[in-house]
Amino acid sequence: MIESVPDSTQTPWWRSAVVYQVYPRSFADANGDGIGDLPGIRSRLPYLAELGVDAIWISPWYPSPMKDAGYDVSDFRSIEPTFGTLDDADALIADAHGLGLKVIIDIVPNHLSDQHVWFTEALAAAPGSPQRARFVFRDGGGTDGDLPPNDWHSEFGGPAWARVTEADGRPGQWYLHLFTPEQPDLNWENPEVRREFDEILRFWFDRGVDGFRIDVAHGLVKDPQLPDVGALVFPSTLEHADGSEHPHWDRAGVHEIYRGWRSIANQYPNPERVFVAEAWVGGAERLARYVRPDELHTAFNFEFLSSPWLAEQLRGVIDSTLAAHALVGAPPTWVRANHDVPRDASRLACDQHGLPPRVAVDDLMERELDPALGQRRARAAALLTLALPGGAYIYQGEELGLPEVFDIPAESRQDPTWFNTAGERHGRDGCRVPLPWTSEPNTNYGFSGLPDPAQPWLPQPDEWGHRSVAAEAGQPDSMLELYRTALRLRRELAVLGDGDIAWLDSPADVLCFRRGPRFVCCVNLSADNFVLPDDWKILLASSPVAPELRPDTAVWVEIDAQLSRPQR
Ligand code: GLC
Ligand code: CA
């Protein structure tokens, strides 16, 4: 037998945690208005406990005009009324804790909503005022100040600057928005901004949340000179040849902010409170800077998410991730999906050669997709992800094998990417479609709690019924049961979670690694069958092994320790 879980007090919970991302608009709708809400999430917590995850991360639940699905926050100390109330949040946290689930919430420090009181005050105040100094206001260029202060562009298309109308009715200063114009960037050079976020962290830690996912963690600090970006492409040519930094991404100054945040979290030791950074940076070494011992606990490993289903790339990412994190003593995370990227089951459904690193839905629309292949690979990817050392993330619906929804009609689309690029980029709606819980279309596939609910905020496709929790539960071949079994084994086997790996000798396109003396994970990314040694005892397989490991299949096996031959 492989050793079972010893004393769980030995390793901090977050070093091995499997965290399930809840996207509140799309998870469960208790009051039937077609939009997910906190009572809905609460009602489904037992499902998540049974699934076997350790924690949930809830995307923003704060009051928001929803210009960017809640990432435009108008008040950090309250709950969006369509989602519920602060009492609902307290009850949700209490219920989750009662079920043994930790609760991580989103914090969005790079920008606010333009409806936040700080921004309305800034608009009413004069240029140069303390109210404007909370944001990045500048005079424009050109003779009349009618040119943006520099060439920065918004992530959602178009320039990163918007011009305001001053109190006297004349066109005035410009403010920076790296995302939509309704998301003005904060000025992190301003101590008042820093103090405000320290207090927001304390507000929620005091209410019992176990941690924060930090939105755009690499974006807070800007070069105060606001130089043009010019031809710099981030992150591939991250630094200028002279060693200077990108004007607004991944600047050294962000780390001082996170050292301060860590010291706040450290004041709440029982249980330990944690951070996970959303930092899209250039490579594992840059990422590891965010998780140095006095900074954040963890950071999303987007290189793994961005890696195509090709053995060489995956092996390279695994090695560089492990090496960079080992240097700073932090656990890696393994993430394949979130609310910003096309669903894995669709991303993996096409030829993986030549895909861009950040695959957009538009890239997939140009390719031929084989949904069955996508499912097969997504199953294998799940076993790979959950066998690697450290923590892992599951985006809601991955455990059901939900595909990307490509055919959302134009009039139903919501993502600002779609509007700001005049439909050129389809954006992220296709991975945000409300979850199917049952096979009944007249309750929005169980998404909405009451009979005769309003239409869901994004339309659900007909196939949702077959992919619902009710349809998959108890079906041995379903994605849901694969996840349930994998998560149960992960809890039972002490060698999974935090730790190290040793690669085993195997063909180049077969990834085969050992965890501890007797656990092996083997993933066949080649086009040929791979013959497993006779005495390997299969604990779990992503697809039937008959008797060879077929292409796009992963297995977890128990081996005789004597036979293991670590290669490097
Ligand atoms: C992050 C979020 C994304 C949001 C953006 C702006 O990347 O994950 O959904 O649009 O930040 O807040
Ligand atoms: Ca609702």
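Every number for a ligand or one of its atoms is a count from 1 in the order of the listing. The residues of the chain are indexed from 1 along the displayed sequence.
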The protein heavy atom nearest to atom 9 (O) of ligand 1 is Asp340 OD1, 2.7 Å
Do Lys102 and Trp13 meet the cation-pi criteria used here (NZ or CZ under 6.0 Å from the six-membered ring centre, within 45° of the axis)?
yes
Classify the angle between the aromatic ring planes of Trp204 and Tyr62 as parallel (below 30°), tilted (30 to 60°) or perpendicular (above 60°).
perpendicular
So is Arg358 actually on top of Trp280's ring, under 6.0 Å and inside 45° of the axis?
yes
Within a reach of under 6.0 Å around CD of Glu285, are more than 12 heavy atoms found that belong to other residues, nucleotides or ligands?
no
Strictly under 4.0 Å, does any heavy atom of Glu155 approach an atom of ligand 1?
no
Just jot down the ligand 1 atoms closer than 4.0 angstrom to any heavy atom of Phe156, in number order.
10 (O)
Subset of ligand 1 atoms that lie under 4.0 Å from at least one heavy atom of Arg432
9 (O)
Just one of Arg202, Arg77, Arg134 clears the salt bridge (charged side-chain N to carboxylate O under 4.0 Å, His left out) bar with Glu196, so which one?
Arg77
Should you measure from each heavy atom of Asp68, which atoms of ligand 1 turn up under 4.0 Å away?
4 (C), 5 (C), 6 (C), 10 (O), 12 (O)
Within a distance under 4.0 Å of any heavy atom of Arg428, pick out the atoms of ligand 1 and give their elements.
3 (C), 4 (C), 9 (O), 10 (O)
For His111, the ligand 1 atoms whose distance to one of its heavy atoms is below 4.0 Å:
6 (C), 12 (O)
Could you please tell me which protein N, O or S atoms lie under 3.0 Å from the Ca ion (ligand 2)?
Asp29 OD1, Asn31 OD1, Asp33 OD1, Ile35 O, Asp37 OD2
Kindly assign one of parallel, tilted or perpendicular to the pair Trp161 and Trp152, based on the angle between their ring planes and the thresholds 30° and 60°.
tilted
Should the ring pair Trp261 and Phe275 be called parallel, tilted or perpendicular, given that the plane angle runs from 0 to 90° and is split at 30 and 60?
tilted
Heavy-atom gap Trp280 to ligand 1 smaller than 4.0 Å
no
For the residue pair Trp14 and His297, categorise the inter-ring angle as parallel (less than 30°), tilted (30 to 60°) or perpendicular (more than 60°).
perpendicular
Pair Asp340-Arg428, salt bridge (charged side-chain N to carboxylate O under 4.0 Å, His left out): steps then yes or no
CA-CA 6 Å; Asp340 291 328; Arg428 305 160 295 177; 3.0 Å; yes
Do the rings of Tyr175 and Phe137 sit parallel, tilted or perpendicular, given the 30° and 60° boundaries?
tilted
Write out the residue and atom name of the closest protein heavy atom to atom 7 (O) of ligand 1, then the distance separating them to 0.1 Å.
Glu278 OE2, 2.7 Å
Relative to each other, are the rings of Tyr393 and Phe300 parallel, tilted or perpendicular (30° and 60° limits)?
perpendicular
Pick one of side chain, backbone, both or neither for how Lys67 approaches ligand 1, counting any non-hydrogen atom pair under 4.0 Å.
neither
Closest approach of any protein heavy atom to atom 2 (C) of ligand 1, naming residue and atom:
Asp215 OD1, 3.1 Å
